[in-house]
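Indexing begins at 1, ligand by ligand and atom by atom, following the structure's order. When a residue number appears, it is its place in the shown sequence, counting from 1.
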Amino acid sequence: MSESKRDNHAKDGIIDFTAGFLGGIALVYVGQPLDTVKVKMQTFPSLYNNMIDCFMKTLRADGIYRGLYAGTVPALAANITENSVLFLCYGFCQKFIQKVSYTEHVADLSMMQNATAGFLASFFSSVAICPTELLKCKLQAMFETQKQQEMQGFKVVRVGPMKLAAQILKTEGPLGFFHGLVPTLVREMPGYFFFFGTYEGTRTLLARPGESKDDIGLFKTMVAGALGGMSFWTLTYPVDVAKSRIQVTNSKMNMVAMILQISRREGFRQLYNGLTPTLVRTIPSTATLFATYEYSKRFLHQIF
Ligand SMILES: *[C@@H]1O[C@H](CO)[C@@H](O)[C@H](O)[C@H]1NC(C)=O
Ligand SMILES: *[C@@H]1O[C@H](CO)[C@@H](O)[C@H](O)[C@H]1NC(C)=O
């Protein structure tokens with residue numbers, strides 16, 4: 001490999017990483033208020049008539065920062081990690097697939113090949129966020145039980161993320177941080193296949209004859225991003241439903257068996273119960289993610 005080619009790989013990698021990093025930030029600023037609304041409506045369904053009502057009541061009661069944007073810091077940390085690694089690896093996996101399939105340019109990759117690059121890239125982003133997601137879930141569960149103990153009059157010592165991380169390291173070793181990785185991969189990897197496949201495919205469809213996909217403009221880029229996000233959730237939602245059902249009922253069933261059981265006993269629609277708020281949230285978030293990624297990538301390639 002020539003020196004300049006290696007430089008280009010490094011440069012492309014840094015640009016993809018940075019574009020994903022900025023995309024992750026933008027996604028949280030757009031998505032967080034909708035996330036807050038969704039969680040509040042799930043937790044206190046009787047308090048709000050609909051999403052707009054919940055949004056307005058939260059805004060009036062707690063304002064923007066402490067209300068709608070509560071919990072932004074951990075969401076930012078997770079999304080920045082996830083998307084910088086995802087887009088960095090997406091670029092590298094595209095180059096890898098281009099090499100092994102003897103395709104001349106990355107731009108000549110087919111939709112299937114791009115989807116496969118997304119599928120592979122999501123392995124690395126899932127590994128990257130696994131430890132922090134695990135800490136988040138454990139801290140949330142601990143917080144809930146401690147609240148109950150306190151209400152019963154017990155004194156409890158609160159444990160922070162650092163202390164919990166040290167405990168896990170001591171009792172289970174480094175691999176302790178990767179508990180639950182396999183079910184996450186089972187959900188995320190096929191999801192990202194369709195995420196990137198739909199995104200790239202839609203961009204191709206929306207380009208006018210003779211026009212490059214990179215010139216379709218902001219609006220069409222956002223439409224493609226929104227559709228990518230929607231196909232991700234439509235595909236992975238039943239797995240999410242089955243996962244919560246297994247957790248809530250303490251069932252020993254595996255994911256596929258649970259999905260089949262729910263659709264047999266309660267109907268196929270039950271697998272998509274509650275999908276709408278998730279889709280409403282993903283449309284602006286994923287549209288923003290891809291728009292920020294594409295435009296900052298282009299900007300960075302122009303100035304370096
Ligand atoms: C990313 O941000 C969104 C919107 O704030 C949030 O719903 C989601 O949980 C975050 N992702 C992770 C992995 O925390
Ligand atoms: C695959 O991705 C590359 C780079 O993002 C893009 O140039 C190409 O047009 C995509 N192929 C299809 C068929 O969407």
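Of the N and O atoms on the side chains of Thr282 and Thr286, at least one donor lies less than 3.5 Å from an acceptor on the other residue. Checking Thr103 against Ser101 by side-chain atom types alone, a donor-acceptor pair falls below 3.5 Å.
For ligand 1, the atoms lying closer than 4.0 Å to a non-hydrogen atom of Arg281 are 7 (O). Using a 4.0 Å cut-off to heavy atoms of Leu27, the atoms of ligand 1 that qualify are 1 (C), 2 (O). The distance from ligand 1 to the heavy atoms of Gln32 drops below 4.0 Å at these ligand atoms: 4 (C), 5 (O). Here is the list of ligand 1 atoms found below 4.0 Å of a heavy atom in Asn79: 1 (C), 2 (O), 3 (C), 8 (C), 10 (C), 11 (N), 12 (C). Residue contact check: Lys136 has heavy atoms under 4.0 Å from atoms 14 (O) of ligand 1. Near Glu82, the atoms of ligand 1 lying under 4.0 angstrom from a non-hydrogen atom of the residue are 13 (C). Each of the following atoms of ligand 1 lies closer than 4.0 Å to a heavy atom of Ala78: 12 (C), 13 (C), 14 (O). Near Val28, meaning under 4.0 Å from one of its heavy atoms, ligand 1 places the atoms 2 (O).
Checked against a 6.0 Å centroid threshold, the rings of Tyr192 and Phe195 count as neighbours. Note: Tyr199 and Phe290 meet the aromatic proximity criterion, with ring centroids under 6.0 Å apart.
Taking a cutoff of 4.0 Å between a charged side-chain nitrogen and a carboxylate oxygen, Lys213 and Glu294 do not qualify as a salt bridge.
Pairs engaging residues 83-97 under the side-chain hydrogen bond (donor to acceptor under 3.5 Å, both in side chains) rule: His9-Lys95, Asp12-Lys95, Tyr90-Gln94, Tyr90-Glu200, Gln94-Asn114 [sequence neighbours left out].
Applying the side-chain contact (heavy atoms from CB on, under 4.5 Å) test to Ile303 and every residue at least two apart in sequence or in another chain returns Phe299, Leu300. In this view, Lys138 satisfies the salt bridge (charged side-chain N to carboxylate O under 4.0 Å, His left out) rule with no residue, not counting sequence neighbours.
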Show the short N or O contacts, below 3.5 Å, that ligand 2 makes with protein N or O atoms; if there are none, say 'none'.
from	atom 1	to	atom 2	distance (Å)
ligand 2	2 (O)	Gln94	NE2	3.0
ligand 2	2 (O)	Asn114	OD1	2.9
ligand 2	2 (O)	Asn114	ND2	2.5
ligand 2	5 (O)	Gln94	NE2	3.4
ligand 2	5 (O)	Glu200	OE2	3.3
ligand 2	9 (O)	Lys213	NZ	3.1
ligand 2	11 (N)	Leu109	O	2.9
ligand 2	11 (N)	Asn114	ND2	2.8
ligand 2	14 (O)	Thr204	OG1	3.2
ligand 2	14 (O)	Lys213	NZ	2.7

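Heavy-atom distances between Lys38 and ligand 1 stay at or above 4.0 Å for every pair.
Any N or O atom pair closer than 3.5 Å counts here, and Asp35 shares at least one such pair with ligand 1.
Residue-environment remark: CZ (Phe21) stays at or below the threshold of 12 foreign heavy atoms within 6.0 Å.
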Candidate pair Arg187 and Asp240, rule salt bridge (Lys or Arg N to Asp or Glu O under 4.0 Å), full reasoning: CA-CA 8 Å; Arg187 188 189 71 168; Asp240 237 21; 2.5 Å; yes

Take Ile168 and Phe177 through the test side-chain contact (heavy atoms from CB on, under 4.5 Å) and record every step on the way to the result. CA-CA 7 Å; Ile168 294 175; Phe177 290 105; 4.2 Å; yes

